[in-house]
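First comes the structure, then the notes that go with it.
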Amino acid sequence: MWLRVLGSAAGGGFPQWNCSCPACRAVREGSRPCRPRTQSAVAVSADRRRWFLLNASPDIRAQIESFPALHPHDDRATPLQAVLLTDAELDHTLGLLLLREGRALELHATPAVHETLCEGTALLRTLERYCPVEWRPVVPGADVSLGGGLSYRAFDVPTTKRTRFGPGTEQGRVVGYRLTDEHSGRSAVYLPGVQELTTAVREQLNDCVCLLVDGTCWHDDELIRLGLAGKTAREMGHLPIDGPDGSLDQLSSLPIKRTIYIHINNTNPILLEDAPERRLVEKHGMEVAMDGLEVQV
Ligand SMILES: [Zn+2]
Ligand SMILES: [Zn+2]
């Protein structure tokens, strides 16, 4: 199974258009070692012929062009088979509208996410005027074969983040995906948004070879410190990396071969390759995703 990081930044990308935090300034000025990043999305395949997209970022057009395996072959036949959504956030779903030229779109999403996309953001109702959408309801805990030797199992990720849209159904608002290569039996987990590593969430990480995990913020109060927002990382549904209850301490003890931070906010100092925070992540044997990173599982 192959996982290709198409985009590694959180919503807004790196740099973000309206931001002049230290990291955004550094990447614009070229004053520190760091690379620009597009908004998070991953392509996965077990045969390198049929590819599945984990979330559809607003940068999807450039991301597809950046990866030849996703380019169309005969006429308009695309290797892109379906999109799997972890939630209904705009930075994970706006790219769906940019796929409107397709003949049809197969979309895997929980009923809660589907409802938000129809009734909340109305994104699906707009898309369906252009292109038929085949919705496959995602049921946490159920194994689903995607064909091509790839299967997935979604799992519920509890969050207290308030919904901007819809009734705010608790179940299925956010899920993670455990992807399995049916031939080798090896699994990888995609978890770009996780507020708490609960026992149930940790169970899904058992025996996985590769974990792509929420690296949104270093500090819980990162955006407050920088004067950019009034909310903590946890209040936005993201477990910070730093601190005694942070993800670095909790994850570095797990026997996972590769743990890679993804969905990194532009304020996070791990984006700066000479930052002490970046070195600390690497010292713990963990990695920081960049656009174009490919992992073979
Ligand atoms: Zn996001
Ligand atoms: Zn910034």
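Every number for a ligand or one of its atoms is a count from 1 in the order of the listing.
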To the nearest 10 degrees, how large is the angle at the Zn ion (ligand 2) between Cys24 SG and Cys19 SG?
120°
Checking distances from the Zn ion (ligand 1), one finds that the N, O or S atom of Asp91 closest to it is OD2
Salt-bridged, Glu287 to Arg258, with N to O below 4.0 Å?
yes
With a 6.0 Å cut-off on the ring centroids, do His92 and His263 count as close?
yes
Taking atom types as modelled and ignoring hydrogens, do the side chains of Ser145 and Tyr152 form a donor-acceptor contact shorter than 3.5 angstrom?
no
Vertex the Zn ion (ligand 2): angle to SG of Cys21 and OD1 of Asn266, to 10°?
120°
When you check the gap from the basic side-chain N to the acidic O, do Arg173 and Glu115 get nearer than 4.0 Å?
no
